[in-house]
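Everything on this sheet refers to the single structure shown next.
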There are 2 protein chains.
Amino acid sequence: MSIADDFDLQNFLPYLLNQAAEESSLAFQQVYKDRYGMLRTEWRVLFHLGIYGRMTAKEIGSRSKMHKTKISRAVAKLAQRRFLTRERDANDRRVEYLELTTAGRQAYRDLRAVAADYDTRLTARFSAQEAEMLRKLLRKLAGGADG
Amino acid sequence: MSIADDFDLQNFLPYLLNQAAEESSLAFQQVYKDRYGMLRTEWRVLFHLGIYGRMTAKEIGSRSKMHKTKISRAVAKLAQRRFLTRERDANDRRVEYLELTTAGRQAYRDLRAVAADYDTRLTARFSAQEAEMLRKLLRKLAGGADG
DNA sequence: CGTTGTTAGTTACAAACTCAACTGTTAACA
DNA sequence: TGTTAACAGTTGAGTTTGTAACTAACAACG
């Protein structure tokens with residue numbers, strides 16, 4: 001049974017997806033890490049606020065599917081670096097609105113440009129149809145068990 | 001720039017790939033974790049040995065692109081649970097051959113069946129052509145910068 | 001031989017993640 | 001009202017990972 005087991009690990013989707021995700025995140029990770037000392041959770045929160053504007057940690061959680069403790073810690077770091085401000089809701093003081101500062105928006109714009117370039121370079125390996133197909137299929141997988 | 005920023009996070013490949021990878025690993029992870037208390041690194045090492053047979057940690061590393069410390073720790077745990085044996089090379093005593101025990105092969109076969117079923121279920125969302133295309137494109141991405 | 005470099009694999013320590021329990025606040029309803 | 005449940009977000013303890021330094025064994029070349 002040692003040699004010639006026929007299971008194809010390289011085609012097992014969870015494995016293949018992880019390999020592709022890791023490989024394709026590497027170079028971008030280098031940028032947000034080296035340039036801003038950020039973690040993955042932190043650029044994600046930054047991007048959510050940059051793209052969608054002022055929102056609560058809860059909302060970031062439901063959009064990104066990140067666990068609330070990750071978000072809490074990412075928000076704390078971004079606040080400490082003055083990339084975002086926190087403001088309590090006057091009517092419901094459990095709720096806190098998060099919003100990027102000028103510095104936060106600058107960092108976001110900078111990284112957004114890097115991300116767009118990087119995505120273009122990744123996508124350049126494929127034809128337009130292939131790229132579109134890939135995104136479509138990935139969205140289907142990302143969408144959940146019945147996506 | 002708060003509202004209506006037009007960068008599309010859901011279509012940024014590294015992000016999308018990570019979401020898809022996480023989502024599609026979840027249910028399988030549950031199995032190897034609950035059934036054998038394994039981590040991702042551990043089932044990967046188990047599968048490499050199950051599929052390709054006796055080999056060294058070095059070889060697992062070059063096949064899987066996992067870092068050698070991860071492999072070292074995964075091997076230590078699998079050895080401790082008697083899922084594999086280690087045997088020093090007589091000519092070069094830096095080298096150690098790893099091989100699954102009977103228990104290891106059993107666990108591998110069990111998980112291989114689960115993986116195959118799971119992959120079938122994941123793939124069932126797509127047409128045969130789509131599934132093939134997805135794998136092809138992912139392999140291209142996983143292959144590295146010039147893949 | 002002996003020094004220097006390389007390789008296989010391990011260990012140490014810090015950073016990051018997970019899970020569960022916690023604080024503080026609002027809602028529900030007897 | 002008073003008690004209980006639900007909710008937003010935080011904290012802490014234990015686990016896993018990442019980075020770099022380490023050990024042990026071999027190789028190369030004077």
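By convention in this document, chain letters (A, B, ...) are assigned in the order of the sequence lines, proteins followed by strands, and residues within each chain are numbered from 1.
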Counting distance only, does the side-chain N/O of [X] pair as donor-acceptor with the main-chain N or O of [Y] below 3.5 Å?
X        : Y        : value
A/Arg54  : A/Glu99  : no
B/Thr101 : B/Arg82  : yes
B/Glu132 : B/Gln129 : no
A/Asn18  : A/Pro14  : yes
B/Arg86  : B/Glu96  : no
B/Thr41  : B/Ala74  : no

Of the listed nucleotides [options], the one nearest the side chain of [X]:
X       : options                : answer
B/Lys68 : C/dT10, D/dG18, D/dT19 : C/dT10
B/Arg73 : C/dT10, D/dG18, D/dT10 : D/dG18
B/Thr69 : C/dA16, C/dA21, C/dT10 : C/dT10

Can you pull every protein N or O that's under 3.5 Å from an N or O on nucleotides 23-27 of chain D?
| from | atom 1 | to | atom 2 | distance (Å) |
| --- | --- | --- | --- | --- |
| D/dC26 | OP1 | B/Asn91 | O | 3.3 |
| D/dC26 | OP1 | B/Arg93 | N | 3.0 |

Mind telling me whether B/His48 and B/Tyr52 have parallel, tilted or perpendicular rings, with 30° and 60° as the class edges?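 Ring orientation, 0 to 90° scale: tilted.
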
Which word best sums up how the rings of A/Phe28 and A/Tyr118 line up, parallel for under 30°, tilted for 30 to 60°, or perpendicular for over 60°?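 A/Phe28 vs A/Tyr118 ring planes: parallel.
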
Can you give me the bend angle of the helix from C/dC1-D/dG30 to C/dA30-D/dT1? Use the axis through the first five pairs and the one through the last five, nearest 10 degrees.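 Inter-axis angle at the termini of the helix from C/dC1-D/dG30 to C/dA30-D/dT1: 0°.
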
Could you tell me whether [X] and [Y] have a side-chain N and a carboxylate O separated by less than 4.0 Å?
X        : Y        : result
B/Asp119 : B/Arg135 : yes
A/Glu130 : A/Arg125 : no
A/Glu23  : B/Lys65  : no

Please find out if less than 6.0 Å separates the ring center of B/Phe47 from that of A/Tyr15.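 No, they do not, as the ring centres are separated by 6.0 Å or more.
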
Which residue lies toward the 5' end of DNA chain D, A/Arg88 or B/Lys77, if each is placed at its nearest nucleotide?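 Final value for this comparison: A/Arg88.
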
Send over the distance from [X] [atom1] to [N] [atom2], rounded to a whole Å.
X       : N      : atom1 : atom2 : value
A/Ile60 : D/dG9  : CD1   : C1'   : 12 Å
B/Leu39 : C/dA16 : CG    : C1'   : 15 Å
B/His67 : C/dA12 : NE2   : C1'   : 14 Å
A/Tyr97 : D/dG9  : OH    : C1'   : 14 Å
A/Arg44 : C/dA16 : CZ    : P     : 15 Å
A/Glu96 : C/dT26 : CD    : C1'   : 16 Å
A/Lys58 : D/dC7  : NZ    : P     : 8 Å
B/Met66 : D/dT17 : CE    : C1'   : 13 Å

Under 4.0 Å, heavy atoms only, any strand: does A/Ile71 hit a base, just the sugar-phosphate, or nothing?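 It contacts nothing in the nucleic acid.
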
At under 4.0 Å between heavy atoms, what does A/Arg86 touch on the DNA or RNA strands: base, sugar-phosphate, or nothing?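 It contacts sugar-phosphate atoms only.
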
Between residues 30-37 of chain B and DNA chain D, which residues have a heavy-atom gap below 4.0 Å?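 Correct list: empty, so none.
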
Kindly say if A/Lys70 contacts the phosphate of C/dT18, meaning a side-chain N or O under 4.0 Å from OP1 or OP2.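 Yes, A/Lys70 has a side-chain N/O under 4.0 Å of OP1/OP2 on C/dT18.
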
